[in-house]
Amino acid sequence: MTLRLYNTMTRRLEEFAPIEPGRVALYTCGPTIWNYAHIGNFRTFLFEDLLRRWLEAAGLDVYQVMNLTDVDDRTIQAAHAAGKSLREHVEPYARAFFEDRDYLRIRPAHAYPRATEFVAPMIALVESLLAKGAAYRGDDGSVYFAIARFPAYGRLSRLDQRELRTGASGRVSSDEYAKEDARDFVLWKAAQPVDEEVGAAWDAPFGRGRPGWHLECSAMALDLIAKQWGRDVLDIHCGGVDLIFPHHEDEIAQSCAHTGKPDFARIWMHAEFLSIRGAKMSKRFGNFTTARDLREDGLDPAALRLFFFQAHYRQKVDLNDESLQQATAALRRLGDFATRLGAAPPDGAGGPVAAGAEAELAGAARQMREQFANALDDDLNAPRAVAALFDFVTAGNRALDRGARVALEVREAFGWATGVLDVLPTLKSADAGLAAWVEERLAARQAARKVRDFAAADAIRAELAGRGVVLEDGPSGTKWRVE
Ligand SMILES: [Zn+2]
């Protein structure tokens, strides 16, 4: 395997080699469960899903951690506004996140640590930073990270050319502060009345309070990879581009000041933004589109996966009605081919076959496998992998038109590629009762057509359409699908 990945830290493509052979420690910043996750967050989670699947397809043992931020400025404000405790407020959003993850066929991470359940390691990390002189207690009772004591600060976001304002006059206690304005950031926030009201305050040797958002990821990542593999450096750390600064910069400062290691992660990967355009789209969803909006709209998750994989993760992409319609049409083509390939006779079956059709099909499958793997090895170039898959569909249809029988290696290649992307359509016609009824009506329609009673045949087509069954008459008979 020669997988190359773009490392935000070096701004270069680098050959990926795990720190320990065969094992990959992968940390992916998760959602803040103050509300439903935006579909833009899921773009990042789907990129991470593909990364994970590709690493696993290469035989690597991946240990993936995704945190759930259940205490920060936003969760506290939202819980307070709703008149609930922090725990009561975030619980339904945590459940919703897992439902959306399953809808989008995202492979579950191995651990979903919640910040409020890791307060002890967070306190220990703050104590370590205080002892090393990398942190100090402010006169407001909060504990801050002293970026002047960490010369590597700004390496990931390339802040070095900008003015670093440090010291007591230049520090921030908010979890999210103005971009490109590096200041001492908060590690532990002194408890405020609102924190106490919603149950977001803990006792610590350096004062009652609660963790800062950046601290949460460092503490949970270090705690879990130490327990899993006795390590303190990650192989890959991922997130959206909006997390590069300050979140990931701060994670590096906290973690490396504590471990004394030059890196917190070997490779840093970031997914670009998703934008949402189109009057219809915004009318339907407003500015806040969630995965559940799309699910309730009946969108096949495979179409959404295909849509996202048709753009490289480092490219901005626009989600709109047109792009979703195109992805849905592409998905149908893929699904039709899968059905056709499944129904085609196997290698060695009897009957006539056009000369060369089988060799052509097997050759196309081998070429697809190679192009698909090369594309994903090249910094997870999913659009090229998807293109290779659709080139195979075209070549495959041509060979099947000529009566090609299908060798096992052909089925395996198609199953492997569609499995890595997980983009085959969701089966909606699994209802056996519906299938039997459709077959019965199709037989009746066929009988009507035989006696040239086209009015009756059309009535049956309309009857089927009323239940969402769409017919396609072709040279090999009538096919149907549920829409
Ligand atoms: Zn994080």
Side-chain angles (χ1 to χ4, degrees), residues 103 278-281 283-285 293-307 310 320-346 349 351-354 357 361 389-406 411 414 418 423-483:
Y103 161 63
K280 205 175 158 199
M281 198 81 191
K283 189 177 159 203
R284 197 195 300 158
F285 302 126
D293 290 325
L294 299 171
R295 186 176 60 186
E296 281 161 18
D297 211 42
L299 183 73
D300 192 321
L304 201 61
R305 293 181 68 94
L306 203 52
F307 163 74
Q310 279 171 324
N320 54 61
D321 283 321
E322 200 189 343
S323 58
L324 283 181
Q325 277 161 13
Q326 282 168 359
T328 302
L331 180 68
R332 185 168 302 149
R333 190 160 160 248
L334 198 60
D336 287 347
F337 179 73
T339 307
R340 196 177 177 198
L341 196 69
V353 60
L361 184 60
L389 180 60
F390 276 92
D391 284 349
F392 173 66
V393 170
T394 303
N397 273 321
R398 207 165 45 222
L400 291 174
D401 286 344
R402 295 172 62 206
R405 288 166 298 209
V406 184
R411 294 186 203 279
F414 184 71
T418 51
V423 287
L424 284 182
T426 306
L427 286 176
K428 292 181 192 165
S429 49
D431 180 348
L434 176 71
W437 175 77
V438 172
E439 293 302 336
E440 186 273 316
R441 296 317 292 151
L442 282 181
R445 178 168 170 267
Q446 194 53 31
R449 276 156 48 122
K450 239 181 190 153
V451 297
R452 305 188 70 78
D453 186 355
F454 295 115
D458 285 345
I460 293 170
R461 177 188 276 271
E463 185 188 354
L464 287 162
R467 288 189 64 181
V469 178
V470 176
L471 305 184
E472 261 171 40
D473 293 313
S476 57
T478 302
K479 288 190 291 184
W480 63 276
R481 64 168 186 270
V482 179
E483 285 208 329

Self-check item: Closest approach of A302 to L424 (non-hydrogen atoms, all atoms of both residues)
Solution: CB-O, 3.4 Å
Quiz item: What distance separates Q326 CD from N320 CG, expressed to the nearest 0.5 Å?
Solution: 8.0 Å
Practice problem: Find the distance between CG (D300) and OH (Y103) and round it off to the nearest 0.5 Å. | Solution: 7.0 Å
Exercise. Apply side-chain contact (heavy atoms from CB on, under 4.5 Å) to the pair V423 and F307, showing each step before the final yes or no.
Key: CA-CA 10 Å; V423 287; F307 163 74; over 6 Å; no
Quiz item: Hey, what's the ring geometry for F337 with F414, parallel, tilted or perpendicular (30° and 60° as the breaks)?
Solution: perpendicular
Quiz item: What pair of heavy atoms forms the shortest contact from A327 to L306, and how long is it?
Solution: O-CD2, 4.0 Å
Exercise. Write down the atom of W480, the atom of L471, and the distance for their closest heavy-atom approach.
Key: CB-CD2, 3.7 Å
Self-check item: Gap between atom OG of S323 and atom CG of L304 - 0.5 Å precision
Solution: 9.0 Å
Quiz item: Got a sec, which residues hit side chain to side chain donor-acceptor pair (under 3.5 Å) with E472, two or more places apart in sequence or on another chain?
Solution: R481
Quiz item: How far apart are the closest heavy atoms of T426 and P301, and which atoms are they?
Solution: OG1-CD, 3.7 Å
Quiz item: For A457 and A448, which heavy atoms make the closest approach, and how far apart are they?
Solution: N-CB, 4.0 Å
Quiz prompt | Approximate separation, where rounding is to 0.5 Å, of Q310 CD and F390 CZ | solution = 6.5 Å
Quiz item: How many angstroms lie between CG in L331 and CG in D336, if you round to the nearest 0.5 Å?
Solution: 9.5 Å
Quiz item: Just how far is it from atom CZ of R333 to atom OG1 of T394, taken to the nearest 0.5 Å?
Solution: 4.0 Å
Quiz item: Just by modelled atom types, is the L299 backbone N or O under 3.5 Å from a matching donor or acceptor in the D297 side chain?
Solution: no
Quiz item: Do R445 and D473 have side chains that get closer than 4.5 Å, going by heavy atoms?
Solution: yes
